[in-house]
Peer 1: 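First, the structure itself, so that you have it in front of you.
What's counted below: heavy atoms across the whole structure, side chains too, no hydrogens, waters or symmetry copies.
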Amino acid sequence: MQHKTYILRLTLCLLLMQTCLQAAADAVLDARIDSVLKTIKSYPPDEREEVWKQLFNMALATGEMYRQQRCLDDWIADAHRHGNYESEGIARRYKIVNYFNNAHYDSVYAIVPGAIEFFKGHDLNRRAYEVWHLMGNAYRLQGKYSTAMNEMQKMHADASAAKDSYGQALAFFDMGNIYNALGLSEKACEMFGQSANLLKGVKDANSTILELYAYYSEALASAKRYDELEKVTEDWKKYIDERRKKSEDETDDLRYILANYYVTRAQALLGKGQLDEADEALDEAERRLADDHGSYEWAFLLSSRAQVAMERGQYERALELNTERMRLFEQMDDRPSLLATKLQRAEILMGTGLYKESAEEYKAAYEQNDSLNTSAFRAQLNEMNAIFQIEELNRKSAEVKNHYMMIVGGVVLLTFLFYSILRYRTRKKLQRKNAELKRNNEELMIANERAKESSLAKTVFVRNVSHEIRTPLNILSGFTEVLAEQGPYMSEEERKEVARQIEDNTERITELVNKILELADTSASTVIERKDTVTVSQLVKDLTNVSGILKKTAPANADSKVRFIVETDEVADVKLTTNSVYVVRALRQLLENGLKFTKEGHVKLRVEKQDFLLAFIVEDTGIGISPEDAERIFGEFVQLNEHTDGTGIGLVVARSIARRLGGEVMLDPSYTEGARFVMTLPV
């Protein structure tokens, strides 16, 4: 017992030391960032780009998204101020890539159109097509295939009109990915082939070619075109060798490229029945992925390993590999890859004689494949027939569907024929899989709870909106009856009170409708035009007038125990170019949020200058927000306390407006006396 206590104490001490060391390292890094920020103005404009890159890399090391985006916003503002549009373009692209890599796809959709317009306006067409390419990938990764294909049609038309081979190649690249995600491997191969041919004639496109070949090879393997796959991998190896000549060591990106190459090479060898050679290629891939078992490359390696195991009759080993691959893709929420994994699993189960289980997997795969091919997407494919000559696409889709139906029917028939023979064997195997089934059930329960949470949020929203509308309507109805019945006999003071109540509740309904309309406006992907040049003092004046907060707080409101404090003296005359109406609208949401949850104390608006940004800081002494809810509160219809008045949409509106103005709204988790929201805008 004493031995266990000693080990526990030692473990706690080690954890505490690790925490202290990490905090110290973070403090040192923060100090370095602040030091560079203070000295950056001393550098000539043409030398600042490298300094900004170093600063951004340091911000990346902190792992804090807010700091990274703030660094990029400062860089963009600084480069724009000095007319260095090439440097500004690099920072804009970094910002979009950072949102994309962190799966903030809504932010990608919001800022890419404005970025494309900027790049086109400054003769940076290649950058324009690169961020357009990222937006198409974001739509595809979210399963929005119709929207993704529509964007790539526009991009291809734009690049064709400009006679830009690079833009056309990226459009074909993305179309190939979309077709591949839908299981249309033949069409994907055609698109990838056209992209490769175009990229070979484009200067400095080797990195894009290396990325393309990974997807091209996967499509050829899915289509079982092994002779072509072998030729493509040989061509791919030439580009890899050229890349390796420039670097003595295998960098991380080159390591993943080589892993992809060897997995694809194994697919070609496997297709030709050369199992030993395929194993050797997979060993080379595994050596490069030894410390990364959570990547796409590892998932594709598992698929090839499972295929080799099946070819050798090692079905239990194949099933283990397939199970691990399925777990990875479920964590990634990659539906197209899950479809391919389910089909492989059905094939393995059939090989082991588990025909019933195989039939269920085939059925699940068929239903998932059918759900991916929505009617809206079919309509867009029909429109593309004249451009890309794919009149037989619907016929091929129907053939695939019939093929799956025949497989399902045949497997079900075999299931009934062999069920009695295999029952004992199946029972034994089910016992071994019991632990795995339990784990899967737990994961299903978690997913079910998330779905219930989403449904509850919407239900609460509808209930709250109904309550928010019904309450003032009842009051208006009641006072209308009072006026109709007792109007002639009421005193002047009573009439004024009734008039005030009617005015207040009419305004309450109007504000609710406006807020709902503002929520609908948050789905807009366009950037808000910044056409006003105003001072901070003018914005604050407009805000207090529109919000009416001075009337709602002490001392003007004798019933209120909340004071409204404004601190803008140091920046009162600072000017910023923005859209004042939208800025006031966003700040009003933050003030109303603070006032709603503060019973006594103060709601404070403080404005600070932070390098190339203005920070509007709204803090209160209310109930506060826990760190784990710091991002959740920005979700639509989210209310931490469903018994509190409101609809849960104010913060969503505020953040959407700020982002469309080139800024951000974040919760400051370091403030513990209530809640503090920070809205930053470019000067």
Peer 1: Is the shortest heavy-atom distance from the side chain of Asp668 to the side chain of Phe677 under 4.5 Å?
Peer 2: no
Peer 1: State, with a plain yes or no, whether a side-chain heavy atom of Val678 is found less than 4.5 Å away from one of Val665.
Peer 2: no
Peer 1: Which heavy atom of Arg676 sits nearest to which heavy atom of Ser670, and what is that distance?
Peer 2: NH1-OG, 4.5 Å
Peer 1: Going by the rule side chain to side chain contact (heavy atoms under 4.5 Å, CB included), which residues pair with Glu529 if we only count those two or more places apart in sequence or in a different chain?
Peer 2: Lys531
Peer 1: Quick one, Tyr109 with Tyr139, criterion ring-ring contact (aromatic ring centres under 6.0 Å, His included). Give me CA distance, side-chain angles, the key distance, then yes/no.
Peer 2: CA-CA 9 Å; Tyr109 306 145; Tyr139 282 124; 4.1 Å; yes
Peer 1: For residues Ile528 and Tyr582, report the shortest heavy-atom separation together with the two atoms involved.
Peer 2: CD1-CD2, 3.4 Å
Peer 1: Locate the shortest heavy-atom distance separating Met152 from Trp132; write the atom from each residue and the value.
Peer 2: CE-O, 3.8 Å
Peer 1: Looking only at heavy atoms, what is the nearest atom pair of Ala138 and Tyr105, with distance?
Peer 2: CB-CD2, 3.5 Å
Peer 1: Would you call Glu592 and Lys596 a salt bridge, taking side-chain N to carboxylate O under 4.0 Å as the test?
Peer 2: no
Peer 1: May I ask you to test the Leu199-Tyr166 pair for a side-chain heavy-atom distance under 4.5 Å?
Peer 2: yes
Peer 1: Which pair of heavy atoms, one from Ala586 and one from Ile657, lies closest together, and at what distance?
Peer 2: CB-CG2, 4.0 Å
Peer 1: Quickly, which of Glu664, His104, Gln69 forms a side-chain hydrogen bond (donor to acceptor under 3.5 Å, both in side chains) with Arg659? Name it, please.
Peer 2: Glu664
Peer 1: Would you mind writing out the side-chain donor-acceptor pairs for residues 167-178 within the sub-3.5 Å range, not counting sequence neighbours?
Peer 2:
{"residue": "Gln168", "atom": "NE2", "partner": "Asp164", "partner atom": "O", "Å": "3.4"}
{"residue": "Asp174", "atom": "OD1", "partner": "His133", "partner atom": "ND1", "Å": "2.9"}
{"residue": "Asp174", "atom": "OD2", "partner": "His133", "partner atom": "ND1", "Å": "2.9"}

Peer 1: Can you check whether Ala79's main-chain N or O pairs, donor with acceptor, with Asn84's side chain at less than 3.5 Å?
Peer 2: no
Peer 1: Tyr213 vs Tyr239 aromatic rings, parallel, tilted or perpendicular, using cut-offs 30° and 60°?
Peer 2: tilted
Peer 1: Work out which heavy atom in Val536 is nearest to a heavy atom in Leu614; give both atom names and the distance.
Peer 2: CG2-CD1, 3.8 Å
Peer 1: In terms of side-chain geometry, is the basic nitrogen of Glu130 or Arg127 positioned less than 4.0 Å from the acidic oxygen of its partner?
Peer 2: yes
Peer 1: Does the side chain of Thr147 come under 3.5 Å of the side chain of Asn150 through a donor N or O and an acceptor N or O?
Peer 2: no
Peer 1: According to the salt bridge (charged side-chain N to carboxylate O under 4.0 Å, His left out) rule, which pairs have a member within residues 94-109, sequence neighbours left out?
Peer 2: Asp73-Lys95
Peer 1: Does CD belonging to Gln610 count more than 12 external heavy atoms closer than 6.0 Å?
Peer 2: yes
Peer 1: Verify whether one side chain among Asp158 and Tyr129 offers a donor that lies under 3.5 Å from an acceptor in the other.
Peer 2: yes
Peer 1: Salt-bridged, Asp611 to Arg70, with N to O below 4.0 Å?
Peer 2: yes
Peer 1: Using side-chain contact (heavy atoms from CB on, under 4.5 Å) as the criterion, point out the one residue from Asn579, Val584, Thr578 that pairs with Val581.
Peer 2: Asn579
Peer 1: What I want to find out is whether Glu151 reaches Arg140 closely enough, with some N-O distance under 4.0 Å, to be called a salt bridge.
Peer 2: no
Peer 1: Count the heavy atoms of every other residue, nucleotide or ligand shown that sit under 6.0 Å from NZ of Lys575, and state whether that count exceeds 12.
Peer 2: no
Peer 1: Tell me yes or no: between the side chains of Trp75 and Ser87, is some donor less than 3.5 Å from an acceptor?
Peer 2: yes
Peer 1: Do Trp298 and Glu324 meet the criterion of a side-chain donor-acceptor pair at a distance under 3.5 Å?
Peer 2: yes
Peer 1: Look at atom NE2 of His80 and say whether more than 12 heavy atoms of other residues, nucleotides or ligands are closer to it than 6.0 Å.
Peer 2: no
